[in-house]
Number of protein chains: 2
Amino acid sequence: MQEQSEKKGRILIAAMEIFGERPYDQVRVEEIAERAGVGKGTIYEHFTSKEVLFSAILEEGFQDYFRELVAAATPQQRATDKLRAVFDRHLSFISRHAAAARIIIGEWPVTRPELQEAMLGRYALLTGFVETLLREGVANGEFRPLDTAVVAQAIVGMFSSLLIYILFSVQVQEGVESQAQKLADFCLLGLASRR
Amino acid sequence: MQEQSEKKGRILIAAMEIFGERPYDQVRVEEIAERAGVGKGTIYEHFTSKEVLFSAILEEGFQDYFRELVAAATPQQRATDKLRAVFDRHLSFISRHAAAARIIIGEWPVTRPELQEAMLGRYALLTGFVETLLREGVANGEFRPLDTAVVAQAIVGMFSSLLIYILFSVQVQEGVESQAQKLADFCLLGLASRR
DNA sequence: GGAAATTGACTGACCGGTCGGTCAGTCGGA
DNA sequence: TCCGACTGACCGACCGGTCAGTCAATTTCC
């Protein structure tokens, strides 16, 4: 039977959902198997351990996320627009993939030691990406001169505030889009070169 | 023996340290007992379960943190200075109490379901506090009119970026203080009322 | 002496990972 | 065309290790 990869996909999806719901130790492998409609043994056919499965999810989820952000920025001309588009896309991603987002973005500071290095690599990739946008803006005069590294980190930090907003719909009445736009506005004001 | 509370304190400290080092399930109660110089049973004299101990830490840690922020803001006159002082104090706190910070700030989006409500309460308290500073600034004209709720969340998000910076000393050469100052600058620029 | 505090050996639940068995599908030979 | 030996994906009952939490024994202090 050629279901192999199809089942592997189902396992990944189920695992993503469940790991997104509660922390690692509260997730039973058997439960993932059930949700994936698969025997427990089958999971070990594809992943050598629970932890390997978890880190596969992390990697896959992050790749999807990162790809989307990059794609959102690419078509734009001005750095300002790129940044705005990235904010939008970030928001859109976490709305569509709340579970994934919680894992790949929410776990930055908390990860298990074994995965820390990989996590930091991804974090650096993300801030690096934002930083290139900032540099671009500074280079062409859209933004004031600034410490791009620091601000890039700040922006990534704002991303996680949007994450929390989405996950828990913390107070605040209006829609989410306006939330993201306001964040972007606030951010861009801090960047703008005009006095 | 009246050591009760003294031992309880040692337990809390040890637990804080260890829970700060790695995730919940990788922490053995016995290990906490050892580090606290106490028998395992004694822990159960003070806390009915591992989870209760964990949530006690969360609460205690957050209270300390929050108190410090409030205290830092109080003596200042202008909202701008208050905000700056809060940034400083936040940084100072996470430098001094990395383990605690990792738990109380780093775990926002990831918490175990049972503790979620409490976590959200704390999160609301924190953003609420920042928001009052913003409102104050807006009221006396230091800041432009803005959606204080949104920006408050953004600022709390920036706090977590500083946390990651401290925890992992991600790239960036210069000292941490300047890091915090630059964040505050960036932030205040986005707030300033002057055109 | 004894009440209170402390302890750590012990127990039982729990769950990650294994492994022998099943069975659908394949294919060479009759 | 049919058969049956073979393959390997799939499964879930089971095993063994790991702790959280208990409690009888011990120590501490009055």
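Keep in mind that this is a model prediction, so the values were computed, not measured. Letters go in sequence order (proteins before strands), and every chain restarts at 1.
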(request) Tell me whether the OP1 or OP2 atom of D:dC19 has a side-chain N or O from B:Lys50 closer than 4.0 Å. (result) no
(message) Tell me if a side-chain donor or acceptor on B:Arg10 pairs with a main-chain N or O of B:Ala36 at a distance below 3.5 Å.
(response) yes
(message) Let's see if you can work this out: which of C:dG17, D:dC11, D:dA20 has an atom nearest to the side-chain heavy atoms of A:Tyr44?
(response) C:dG17
(message) Can you tell me how the ring of A:Tyr65 sits relative to the ring of A:Phe62, calling it parallel under 30°, perpendicular over 60° and tilted otherwise?
(response) tilted
(message) Without decimals, in angstroms, what is the distance between A:Ile32 CD1 and C:dG17 C1'?
(response) 14 Å
(request) Specify the separation, in whole Å, of atom CD of A:Glu34 and atom P of D:dC10. (result) 18 Å
(request) In whole angstrom, give the distance that lies between atom NE2 of A:His46 and atom P of C:dG17. (result) 16 Å
(request) Determine: side-chain N/O of B:Thr42 to OP1/OP2 of C:dT6, distance under 4.0 Å, yes or no. (result) no
(message) Students often get this wrong, so: under 4.0 angstrom with heavy atoms, is A:Lys40 touching a base, only sugar-phosphate, or nothing?
(response) base
(message) In terms of relative ring orientation, are B:His90 and B:Phe159 parallel, tilted or perpendicular, with 30° and 60° separating the classes?
(response) parallel
(message) Closest-nucleotide mapping onto DNA chain C: is A:Gly41 or A:Arg28 further toward the 5' terminus? I mean the 5' end.
(response) A:Arg28
(request) Quickly work out the B:Glu30 CD to C:dC10 C1' distance and round it to whole Å. (result) 12 Å
(request) Indicate, with a heavy-atom threshold strictly under 4.0 Å, whether A:Thr48 touches base, sugar-phosphate, or nothing. (result) nothing
(request) Calculate the interatomic distance between B:Glu51 atom CD and D:dG21 atom P; express it in whole Å. (result) 9 Å
(request) Whole angstrom is fine here: how far is it from NZ in B:Lys8 over to P in C:dT6? (result) 13 Å
(message) Between A:Lys182 and A:Asp185, does any side-chain N to carboxylate O distance fall below 4.0 Å?
(response) no
(request) Rounded to the nearest angstrom, tell me the gap between atom CD in B:Glu31 and atom P in D:dC19. (result) 10 Å
(message) Strictly below 4.0 Å, N to O, side chains only: are B:Glu68 and B:Arg96 in salt-bridge contact?
(response) yes
(message) Using a heavy-atom cut-off of 4.0 Å across all strands, would you classify A:Val52 as base, sugar-phosphate, or nothing?
(response) nothing
(message) Whole angstroms only, please: what is the CD-P distance between B:Glu45 and C:dT7?
(response) 10 Å
